[in-house]
Structure formats: C-alpha cells, structure tokens
Amino acid sequence: MNVSEMIEWISVFLILIGAILAVISATGIIRFPDVYTRSHAATKSSTLAVLLTLSGVFIYFWAVESYFSVRFILGILFVFLTSPVSGHLITRAAYRSKVKMTESTVEDQLSDAIHEKEQIEGKGE
Amino acid sequence: MKTNNVILHAVVKLVVFIILTLSVYLFLSGHHKPGGGFIGGLVLASAFVLLFIAFDIEAIRKAIPFDFKRVAALGAFISVGTGFGSLLFGENFLTQAFGYFDLPFFGTTELTTVTIFETGVALVVVGVVVTIILSIVEDV
Amino acid sequence: MFTVNLAIMIPFLAAALVPLFRKRTLRIHIGWFVFLVPAALFVYLLSYIPSVSSGETFVHTIKWIPSFDINFTTYLDGLSLIFALLITGIGALVTIYSIYYLSSNENLKHFYAYLLLFMGAMLGVVFSDNMMVMYVFWELTSVSSFLLIAFWYHRKRSREGAQKSLLITVSGGFGILAGFLMLYAITGTMSIREVIHTVSVSSEHALFVPAMFLILLGAFTKSAQFPFHIWLPSAMEAPTPVSAYLHSATMVKAGIFLVARFTPVFGGEALWLYTVTSIGLITLFWGSFNAIRQTDLKALLAYSTISQLGMIMSMFGLGSAALQNGASSQSVFYTQAAFAAVFHLINHSTFKGALFMVVGIIDHELGTRDIRRLGGLASLMPITFTIATIGSFSMAGLPPFNGFLSKEMFFTSVLRILEFDATWQTWVNVIPYIAWIASVLTFVYCLLFVVKTFFGEYKEEKLEHPAHEAPYGMLFSPSILAVLVVLIFFFPNVLGEHLITPAMASVFPTIAGQADLGVHISQWHGFNTELFMTIGVVVAGIVLYLTLPYWKKVYQLFPEKWSFNQLYSNILEQTEKRSKAITNSYMTAYLQDYMTYIYLFFILAVGGLLISSGSYIIDIKQNNPISAFEWIIAISMMIAAISILFSKSRLTAILVNSFLGYGVAIFFVIFRAPDLALTQTVVETVTTVLFLAAYYFLPDWKKEKEHRRSKGLQMAISIAVGTIFTITALAVQNGKLFDSISSYYENSYELAGGKNIVNAILGDFRAFDTMLEVVVLLIAGIGIYAIINLKDRKGDAHIEDK
Amino acid sequence: METLITILTGVLVTVATYFILSSNVQKVILGSAILSHAAHLLIMTMGSGLKNGRIPVLTDETGSFVDALPQALILTSIVISFAVTAILLVVAYRTYRATGLDNFYDWRGYKDE
Amino acid sequence: MNNLLVMPMALPVLAGILLIFFRNHIQVQRWTSFIIMLVNAGIGLYLLQVIQTEGILRLDFGGWEPPFGILFVADSFSILLVITTSIVAAVCLLYAFSSIGESYEKMFFYSFVNFLVAGVNGSFLTGDLFNLYVCFEIMLLASYILIVLGGKKVQLRESIKYIVINVLSSWFFLVAIAYLYGSIGTLNMAHISERIAETGQTPLLTVISMVFLTVFALKSGLLLYFWLPRSYIVPPVAVAALFGGLLTKVGIYAMIRVFTLFFYHEPSITHTIIGVMAAVTLITGSIGAVAYKDIRLIATYNVVIAVGFILVGLAVGTPEAIEGSIYYLIHDMIVKTLLFLLVGTVIALTSTSKLDEMSGLIQNYPVLGWLFFIVVFSLAGVPPLSGFIGKLLVSLGAIEAGSYVLLALALISSIFVLYSVLRILLHCFWGETMISSEDEVPLNKGRLIPCLILTGLTIGLGLGAEYLSPYVENAAYTLLNPEVYIDAVMYKD
Amino acid sequence: MIQTILYFALTLFGIAIAIALFRIVFGPSLPDRVIALDMIGVNLISSMAIISIIIGTTFFLDVILIIGIIAFISTIAFSKYIERGGIIERKRDD
C-alpha cells in the first residue's frame, strides 16, 4: 500500500465516518423531544458530518486526481460558517414564534432575560 | 420585538462577498466548465436576495443604486443586440464568433462573442429576479 | 363596351353615389335621379328583345377569382331577359311611386341606396351564369331586402320582420351554396350552362339528389313557399313601394327563377316533379286559405302573394313532367305548364304590383289599412277603386284581365298532368281538386279585398285622415300596371312569342330543338273543362263569400299558437333559453371544472389511444442498475410528494416542495448534469423566497371546502393522468426510434470554441432559444412590476362589476 | 433507473394534478410548481446514456457523453417555469387583495353575465 | 441573405426592450411600435414575393445547419399569417393610442404588445419544435401581463384562470416535446417529419400526437375552449381585440403545422378526432353565441365557432379545404379584431355591455353602425366579403371528402353566427334612440379609423380574393406536401 | 472495495435524508421542519460530493459548494418568515 492509496483510504474513511455521523444526527432529529434539542442534532453534528465528508472528498481528489481546488476549501469553510448561523436563526425564530419546549426543560434563561429587558424599557418610557 | 441580527449580518456580508466572487467565476468559466450566463446571473441574483433578506431594502438601495428594471432591459438589449450585431458582419442572425488571441500577460486567450451574449443573459437574470422580489415586497 | 355586366354594375355604382347627393343643392327629389337608372336599363334591355326572340343568347365574362373558377359571367337569354325587364320596368314604376309615397323627411338617401343595391343584386341573380356569382348576388338580395324591411328600424316589428326574413332566406342561401358546391364537385364547373350540358352524366352521381334538394331549399325559402312563407307577411313592415317591388314582383320570384333555371338540370328527376309541384300546391292552398282571415290589407296581399307564388311554382313542377321520361316531341304536351308559369309570373307582377300600390295609397291617404276600418271608398277614390278592381279581378282569374288567361292555362296544366304516367298516381289525381279549391279561395279573398274596402259603409271616424283621391303622381304607376293588365289580356301573344317562347327554350333546351315550345294564347277556347272550372270557381266563390260569417269558425281550428309563425318565435325563444341553460351548465366559470374537462379529454384521447393501439409495451431490461441511494431518494421523493397532499399548512407544503426541488437536483447530479443541478437549486431557493414573500399577502390555507365535486373524482383523475403520463413515458423510452442528434454537439470545441457542451448549446447552437428565454424573463420581471404598480382606477370598474 | 425516475415523475404528476384540481389558489400554484419538476425529470429521462455517459464537458478522457440537448432544454424550461410561477403568485395575491377571496370557487364570477 | 426572416420577430423584441428605457416618452413608444408593425408587414409582403420565386426560405441562426441549430422557415402559410398579424397589431395599436390611457402606456403597455407580436410571429416562423414552445411562452407571458394589466376585480379573477389553464397547456406541450424527442431524437420540425416518414407513424407516435392535440386544442380553443369566452372580455378593448385576432390563431397554426407536417400518416385516427372535435366546437360554440345577452360574450363565442370552422378544413384535409382554412384564418384574424374593436367601442360609448340596455345607436353613431353591419355579414360569410371564399372552399373540401356532417355543421353554424351578431345589430344599433344628442359620448376618430381600416380590408379581401389565391394555393401545397418543406429545410444548399 | 464503501456511505446519507424527511412531514412545529430541510440540504451536499468521487469528475465540486451556500438562503428566509411574517423589510425598525 503506497502513500496515495493510504491517503485514499483515509479519505474514504473520513467519508464513512461522516456518513455515519449524518445518520446519527438524523437519528437525533427524530429522537429528541423538541425543536431546540433537535436543532443541536441538525446543526452541530450534521455540520461535523458534512465537514468530514467534504474533507474526505477533498483529500480524495487531491490524492487520486491531484486536483486541488481553493474554491472547494473556501466552500467547505463557508458551509461550516453558514450552517451554525442558520441553526441559530431558526432556533431563535422558533423561540420567538413561541414553539413550546419539551416538558423536561429545566430552565429558560432567555425568557428571563427578555422579560427583564422589557421591564427596563417599560420603565424608561 | 427588536432583534439583534449581528451574527446574521456579519455572516451575510462575508457570504455575499463569496457568492459574488463565485458567481463571477461561474459566469466566466461557463464556456468550458459548468456555469455560464444563466447560472452566474442566478447566483448573483440570489446574493442580492440574501442581502435583501438580511438587511432591508432601503439600505441596499443606498448601497446599490440601480434601477433593476433597466438592468434587465439593458441585459436583454445586449443579448438581442449580439444577434443584430452579427448582421453587421453579414452573418446569419445570432452568429457567434470565437478566436484565440495572444494578449500580453494572459497569453493565448480565447475571446468569444458568446461572452457578450452571456453577459446580457446574466444581467437580465439578475435584474428580473431582483425586480420581481422587490416589486412583491414593496407592494403595500 | 356596354355589356350586361355593366348593366348589373350600374345600380351598384348609383347606390354608392346616392348618399353623396346633397339635399340642399338639389331642388328635385332624389327619386327622379334614381328613376333614370331602371328606366334606362329597361329601355336598354328592351333592345335585346328582337335578337333574343330569334334565339340568340349573349355571354360575357369578367374574371373575378379564376383560380376557383369563379368568374363574373353573364348570360342573357329569354328567361333572364323576362326577369330583367320585370326588375327594371317595375323598378322604374316603383321609383316614381315612391317619390310620392315617401315624404322627404324620411331618410331617402338610404332608401334609394338600398333600392338600387337590390336592383343590381337582382339583375345579378338573373343574369349570372356562374353559380357562385349567382349565389353572391342571391345573398345580396337578401341583405338589401333586410335593409329595406328594417327601413323604419325604430319600429320593433320592422326589426323582427327584417330579422325573420334574413334568417330564413340566408339559411336557404346556405343551402344553395352547399347545393351549388355539390354540383361543382360533381361536374367540375361553376357555369350553369356547362352543368346543363353534363347533366346526363352527372345525374348518376350520389350527390345529385342532395344537391337538388339543397337548391330547392334555397328557392323555397326565397319564394316564400310553405313552410318558409312566414317571413313574407312580416316583411310587410317595409314601406309599401318595397312590398310592391321586392315582396311581390321581383325578389320573391328569384326562387322561381332558380327553379326555372335548374329545370334543365334536375327536371329529369321524379323527385323534382313531385317536390316542386306538391310544395307549390300546398303553398297555393295554404296562402289563399290564410289570406281570407287577414284584416290587414297588406297581410292579405302578402298571403295572396304566397299563394300565387305557390301556383307558379307548382306550374314549373308540372312542366318538368316533360323531362321525366326522356325529352321528346311528345313531351311538349306538358311544357305548356311552364309556359303558363312564365306567363302568370308576368301577369302576377303587373296586377300584384298595382294592388300593393293601391294599398299603399289607401294607407298613405287614410292612415290605416285595416279592413275593418275601411269601406265605401269607391265613390271617394274612383281611380284607386278602378285600379284595385282591375287588379283583384285579374288575380281572381276573371276576364277581361290577364289573370284569366294564365289561370285558365293553369287549369289546363293540372288537367294534363292526369295523363302523366306517374308513380304516385293517387296524389297526381288529387292535384286538380286542390288547384280548384285554392282558386275558389283566391276568388273569395279578391272579393273581400274589393268589397270590404270600397263598398259598404264609409267609416270616417275610424280613419286618421278623411278619404280623398290620391295625387296623380302616386296613381301613375298603378295605372300603368292596370293598363298593362288589360292590354296583356287582349294581346297576350305579343308577350308569348317574343318573350315567353325564348324563355321556354332556356327552360327546356333539350326539347327546344325538337318541337315548338310556343303556345298560342287565346282568350276564348270553347266550352272546355277549364272554362267550367272557372265558372265553378266564380259560383262557389260567391257562395262562400256570402256564407263567410258561418264558416269562418274553421279558422279557429288553426289557432295562432299553432301557426308556423309562432313556431318560429318559439324556436328563437327556446333557442335562447335552452342554449343559455346548456352553456351555463358546463361553462361554470369554475376553473376546476374546466381543468376536469381538460384532463378528461387528455385521459380519453391519449389514454384511450394508448390502450386501443396497444402501444403500452414496457421493457425494463435495458435500464441502468439503481443504487440503494437512488432508491432511497426516489422513494423519499414519492413519499414527500404524497405527503404534501396531507399537509395542513402551506409552509409545510412549500418546505416539502423545496425538498422535491433538492431531490430533482440530486437526480440531475446523478444524471451528470452539473449545470442543471446548480440552476435547479438556485431557482428552487429563489422560488421559495418568492413564495414566502407572497405568503405575506395571502391567507393561510383554510380547511378546504370541497365544492360539489367529490374528492373521489379528483383522485381518480389524478391517478389516471399520472398513470397515462408514466406509461406513455415508459413506452417512449422503450421504443426509441432514432438516436438523438446531440452527438453533433460533442464537437462543440471545434465548432463553437466551448468545452461545456450544454453551455455551447445554450450560447451558440441554440442561442436563439436562450435569447428568447431572456425575453421571457424580462417580460415576467417588467410585467410583475407593471401588475403591481398599475392599481385599478376606481372610475373604470363600473361596467364589469355590475 | 429510467423506469424508477419515470414512476417518480408519474407520482409527482399525480400529486400535482390533484392539487391543480383543488380550488385553493395556493395549492394550484404549488401544483404547477410540482408539475414543472416532473416535466424536467421527464425530459431528462428522454435523453440517452443517462448514467453511463460522461458529463457533457469536454475533457481529455474518452467515452460517450450523456445527451446534452435535454439538459439545455431543461435549463431553458426551468427559467421559464420560474417566470411563470412568479407571475402566477403575483396575480394570485393581487386577486386576493382585490376580492378578499382566495379560491377559484369564489372566483367564478357572476353566472348571468 | 435571409436575415430578413428574423425581423418580424426580432424587431418587435428589440423595440419592446428599448421602449422600457423610454417609459415616459409616450409618443416615442406609440410611433415606434406602430412603425415596427408596418415595417413587419412590408417585410412580410416582400418575403411573400420572394417565396413565390425562390421557394421556401430559411434562416439558420448562428449559421448552424439544420437539424442542429434553430432556424426560421418561411413558407407562404407562415408569411401570410405574419403579414396579417402585423396589420392587425398595427390597427390595434392605432386604436390603443386613443383609448388605452396614459397609466397603461407608462406601464410598458407598448413593450408588452411588441413582445406579444414577437411571440406570435416567432411561432409562425420557427422551424424548431422547442423554439415553438419558447415562442409560445413569450406570447403567453406577454398575454398574461396584458390581460391582468389594469387590475380590475373581474380582470384579475378571470386572468388567473387564464394563466393557470395556459400553464397547464404549456406543461402538456413540454411533455409532448419530451415524448417526441424521446422517440425521434430531434427537434427540428423538418427533421422530425422526415424521421417519422422513414419509420412510419407508429401507434406510439399517434399517442404522442394526441398529447400535441391536447396542447393545441387548448391553445386554439378547439373543444377545450372553456377558458376563452370570459377571459377575452376582461382586458381593455385594444387588448381584447388583439387577443381575439391573434392568440387562438397561433394554436390553430401550430395544429395545422403539426398535423400536416408530422402526424399526417394516420388521418383515419388523428384527423377523425380533430373532425369530431371541430364538430362539437361548432355546435357548442353556436349554442354559446346565442345564449347570452352580453355583447362581449357573443363576440367571444364567435371566436370559438371560427376555430371549429377553420379546423373542419384541417380535418377534411383536401387541398381545397386547406386553402379554405387558410383563407378563413386570415379573414378571421381581421374580422374578429374588428368585431372586438366595435363591440368594445360600443361598450365604451354606452357604458353597458347588455343587449337590452342599449338601442338606436346608429342614430348617434351612423358610421359605427354601418361598420357593424358589414361585420355582421362578413362574419356570417355572406359574399362578397372576406369570409365567403374561405367558407366556400372549406365546404367544397368537405363535400369532396364526403364529410357531410361537417359540411352541414359548418353551414348551420354560420346561421348561428349570423343570428348572434344580428341581435347586436338589431338591439344596439337599431331601434329607438335612447341617447339624446346632448348625452352622446363623442366617438373620436382614433377609435373609428382603425375600424374603418379593418372594414376596408375585409371588403378588399373578399373582392380581391384572386390576388391572394396564388399565395394561398402555394401555402396549401406546401402543407399537403411535407417533402417540399423537408427539402427546403434539410437539403437546400 | 473503495467503491463499495462509498456506495455504503452514500446510502447512509440517503437514510439520513429519509429520516430528516420524516421530520419535515411530521413536524410538529414549523421550525422543526425547517431545521430538517436545512439538514437535508447539508446532507445533499455531502451526497453530491460522494457521487463526484463515484462518477470520477471534479466538475461538481465547484457547484455543490455554491449549492450549500444557496441552501442557506432559504433557511434564513424561512426563519425570517417564521419570526416576522414578511421576509424582506422595506426599512429595518431596529
């Protein structure tokens, strides 16, 4: 097994890990009880999964076809960048649109914070 | 309720920049690789859409003071114009030409009239998509 | 060169010039200028008599649409000359009459323009040799008659009468068109003369008899034959000069002319003989029968015209007996009927024209023409009375008036047909009786006309104006006609030899060569059956007249609502009502109904043919293998698609639609289409944004009220459409007939300098599509801007929102 | 493979038809959007060499390409569908705002016009 | 060089685009559009002459030889229609000048008209099936906008139905193209014809032809005309007239083209179905035409009847019948536009569209009344107006082919046409005058002159049918002999 | 072997997508569905990348990344819609 084959195997391995992670995070998305917890599964682990897979693919092409694309790296970075943001936004939207949390939720700090802020503003007027 | 969009704005500014760059790249590489006028235009348009979503119309208007209807019309004019252009050279309507030129710095470069045509296409796509979205949103 | 073609055109030109006359600059009534046209033409046509009576004919052609054998060919022979003389002669007299009849407050320019239009059209009909050109003029006569009937268009009855006459005559006209076209299809020529020459061959053709009936349909509608007669009484709403001219003397005779013209073609058919004769006799009887019950003088005359037209028609029918068993010199025996027909046609024009003018005078001077309000006018209006008497007695068939001669000849004809070896002998045997009864009825209404109007009590209180004699100008035309009525009685053979005999040669060209078709008309021909019949008519007529109050109840057996007239109105009314019901039943204005129709059509046409042609062969062997991933995506997409159906919120639906879009993109990737995958995703995203933007303005899905349609049908249609779509697609994939042309594009680098083939196709090979697509986008963009920014202006909404 | 995709398009068409036959205007528009997906996939399956061919971009490799013409057609068609969907949406919501109603049953208009 | 061929489409497109920049220069917009239409008519006339001497012309865009590129093919049939379209459009524009209103004109009205005409002309000229689809789309999109423009309640309500139905029909078109491409592997119309002739029309191809039939039946309003009557009555007069004159005709053109060029091998199936559809259209159209008291609906149902009539010619398929269809098509484009203009003018003058709410208009507007009078008879095909020769030839064809039912229906429908429009004449124009001279809305020349021009044309076409006959004959010959078309497209130089 | 693993990985992504689809279809809340769609988008990118290896082409690589970024737009649009109803504002009020 020469180096390039090694790298090829590594890349494939990365891809496989990514795929497995994707399935795991997908499991999360049905198993978790409410939207806030599900968004963890969807955005965090999923991002990792895609990151691994894409890296694997990138390495594969670099090793096998000696195709090195800066745009691809940029792309990976940006998927990495946008995915959490969208997760953040959608969760916030969910919160704002008053999607119920699961019953096992212990604490809702944001609610307190907003509550507090509104009270301050109310006083100010 | 006021929202804090710092994260969104920060990311969008970066992403839009990337999309713009990539759209230009896609547009230019379209002749030999996937891409082209349509796709370039669409991607560019989606960058604008992203801007509109993340910011607000007034702000973007100030930054990019185009009348997108005219952009679209200009694009269409360019596209159709290349058709008429070929008449000037006594060719059939819409005949495209390409050639290889030795340019300083760039080396042997292929220059084609398709590029002009596709520029028009891209402009129309951008102009129209933005016009549509803006028209809908601005309707009161 | 002054040809017959020009003679036809002159009235048209004059009609075009009439509106240009300025009332102010001319002191003289326009009518006098108009009068010049028919008068000049009459004189001109008279000059043809010598040559025509010596057997000459004149043909002249001006090319119109030679590609389809439609040429403006005129043919002047005996038959057409008689009609043309009637048209121009009576036209001239009517014009003079109208000058006094119509006050200058009326819209004279229109009146005379229509009149001239009619004159030209009528001349065109009689002179045309080309069937299509004849049809053209034929329809023009209908149109001009329509205009003239509706001359006082502010009257409801005028409009209705005009509409009725137009609908009936134009429908008949379409029959003629079809008949002519069939003849053309059989013979390959549009010329009537040539059609006549080929008749021996063409009569074998299957279309020959249908063509005959279609042409007869036209002739019958125009000549107001039963049951199409109903338009004629309604047409009496026209000014009286029009009634006298069009609706008694000329236009209604166009149908008779057509029958005469086509006797050489169809006369050999037994059906022709029976149809023409029977319809003519029925009309004769029905017209005279109904004339008696009329109280309006014009209506009485209208029905009498119907009756007389029926008589002439039946005589032409009887005359065709001569052609039944091959034309020979023996058959001359029967041709006498046609001779009588032509003779009576002339006579009828004279006396009926006079009578109409008389009624016009009465109407004009007294302000009414209701028989119940008239009486005792004989001494107050002596000249009118004289003319009326002459006309009526001629119509009744009394000597010494021309009507007597032709009525006698009519009796001769019906008696002669008894000798004809007919297939329907019983029916033939009845003919003389019908003829006789109808003649009796004719006598009765003639008596009614004269007696009720001019004798009895003078009821001034019922009149609008006191009775007095009409101005001489108005009396001029009827007097001339009355004089003619008498003159013809005394010198019938002048007409007979110079005009009718040449006309007979046109009607019976095959016999003309073998025997003399002329008939010597004599005022006295001994005590024969005909004379006794006439005496019988007089006796029975007087008896019936005197007993009229007793048997008038008969008419109650035919109440108004059973009449054909009522039938016509009912048909129109019902048509409107029913058609509205029918149309509303399927034009529900509900889009989903329309969609259902469209899909049903698709299912029937495509699905039906798919099954019946057996082209649903599907073979999946050549398919590429499917990987697990593809299975998963495809099945996911199917599930997603189906799940949209159950989604309760539109956002879910749009999300699933996005998923479908992504799925499609994935398949584009699998199918090696990077450009497409990219475009699809971007467009999908932009579309989603668009949906979301529009959703701001649209309400959320409510629980859908299903209107009328069961969901079952909706489901069934969807499944059927989907299935047919799929099976056809599979069959197409299975049965590819040719390779695609796209291998050519694989040289795109050499041809177009691009390595991306898709892009090269879009930008170069099929750049035109792309250019237009750009235009499509531009239209959408600018259009949406325009739609949104052009708000409805309140002032405009009124019409539609009512 | 082609068969699977064709069946998929068939399902899409069925669903879209069902939507188009409903009276809610938004469902109808959605239906038309799904219809265009189906049409594009259908055109794709009509090309030859679906999974065997190479991407229709010239490289140094050899081998047959997939059918490039359908791809060009689909690209054109995608853009047109987008334009039409946009117009439909805009007209739909303008109609809603003018009439206050959002389904075709209420948009029948007056029967005896 | 045949570049002239693209002008009937390219010039309006270019004008439409450029006029967007001249949004506020209404006079520029007006006269540019008008002149473009006239120029197109002139180009059409010139091309028509050239075709007579040189045969079918073609223009390969980008110089790509058929069947690989897109091309425009001009035979007599398409050029005749292009000329008529240009004239009709010019007249409608003339009418629009004085009636449409500034708010429309500033909303790119003239651009859309230009695009519409471009789409129509392109559909007539194109020799590529997919390009036909694109041209249809241009025409349809422009029509969507034109029908909605104004934004009145009814307008929106009806136009959304119009749009949805046309979206569906466009989808069917796309599917049909996909099927045909799948089995024949080409898009060039001549090439398709050639390939089909080579293998024969397999049952499957006949099935595909039914999909095409569905599409064109929808577009032309043959049997599937449900969308037509109400959607044509909502837009402004000039637009309605343009629609009534042009839109369905494109569908008819496409139907004739497709079923004479591609699917002519199995007439016993396809042409019979078309014949049945035409018959049903004639019947239901006739019923609809007499059903309503709204004069606009009467006019729109007359459009339906004419569609049935023209396609009787196609169903019959003899040379005479096809010639008749072409004559009638040209006649119908002109006279339907005229009818819509007149009806629209009447409504504009009286502010009502109901038959029984108006009367005696001829007293107030004599010229209008007489124009309507002529239209009545022209529509009914009464000679010597323009409808006559077409009706004659179609009927003759039906007789020769032995389609007596179609013949009877065609003629009977003429009676219904006559009756339906006669009612308008009798009720609206004749009768007691209701409008006193003070209340009279003045009828400006801008509305009258376009009607006069079209009336002149209908009379001229009737009397001068001979001048048209060589062209029509040539057009019918090409339609009936597809090899002429194929030769010209595939093998000439 | 590598091919098999790649196919296996691809199938796993397919399963992930199918599972996410379950969330889209059954919700229950809208954000749930949007999150699921976002996840599908990300997984699609991965799948496309793997397919690129299987097909053996680099042409998709440029493309798929743009797809990833573009998919981001629809998520943002959805979240804005959920939060505010309108996705684009004329003038921001904050």
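Lettering of chains follows the sequences in order, A, B, ..., and the numbering in each one begins at 1. These numbers were taken from a predicted model, which means no experiment stands behind them.
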Option that, when pairs with chain C are counted at under 4.5 Å, heavy atom only, ranks first among E:Leu407, E:Leu393, E:Val13
E:Leu393
Salt bridge (Lys or Arg N to Asp or Glu O under 4.0 Å) contacts in which one or both residues fall within residues 767-780 of chain C, not counting sequence neighbours:
C:Arg766-C:Asp769
Can you tell me which portion of C:Ile761 sits under 4.5 Å from chain E's heavy atoms? Options are side chain, backbone, both or neither.
neither
My understanding is that only residues two or more places apart in sequence, or in another chain, count here; which of them pass ring pair (Phe, Tyr, Trp, His ring centres under 6.0 Å) with E:Phe108?
none
Please report whether the ring centroid of E:Phe72 lies less than 6.0 Å from that of C:Phe768.
yes
Which word best sums up how the rings of E:Trp64 and C:Tyr744 line up, parallel for under 30°, tilted for 30 to 60°, or perpendicular for over 60°?
perpendicular
Indicate, with yes or no, if the rings of E:Phe61 and C:Phe765 have centres closer together than 6.0 Å.
no
Selection from C:Asn789, C:Ile186, C:Ile788 maximising heavy-atom pairs under 4.5 Å formed with chain E
C:Asn789
Is chain E contacted by the side chain of C:Met595, its backbone, both, or neither, given a heavy-atom distance below 4.5 Å?
side chain
Aromatic ring centroids of C:Tyr597 and E:Phe226 under 6.0 Å?
yes
Please state whether the side chain, the backbone, both or neither of C:Phe725 comes within less than 4.5 Å of a heavy atom of chain E.
both
Which atoms of C:Phe72 are under 4.5 Å from chain E, going by heavy atoms: the side chain, the backbone, both sets, or neither?
neither
Please flag which part of E:Tyr404 lies under 4.5 Å from any non-hydrogen atom of chain C: side chain, backbone, both or neither.
side chain
Output the option from C:Ile724, C:Leu572, C:Val170 having the highest count of non-hydrogen pairs under 4.5 Å with chain E.
C:Leu572
Using non-hydrogen atoms and a 4.5 Å limit, figure out which bit of C:Ile782 sits close to chain E: side chain, backbone, both or neither.
both
Non-hydrogen atoms of chain E under 4.5 Å away: do they reach the side chain of C:Ile779, the backbone, both or neither?
both
So what's closer than 4.5 Å to chain E heavy atoms on C:Pro210: side chain, backbone, both or neither?
neither
Which bit of C:Asp764 is near chain E, if near means a heavy-atom gap under 4.5 Å: side chain, backbone, both or neither?
both
Which portion of E:Leu426 sits near chain C, non-hydrogen atoms under 4.5 angstrom
both
Between C:Phe146 and E:Trp430, is the gap from one ring center to the other below 6.0 Å?
yes
Is there a donor in the side chain of C:Gln733 and an acceptor in the side chain of E:Tyr179, or the other way round, less than 3.5 Å apart?
no
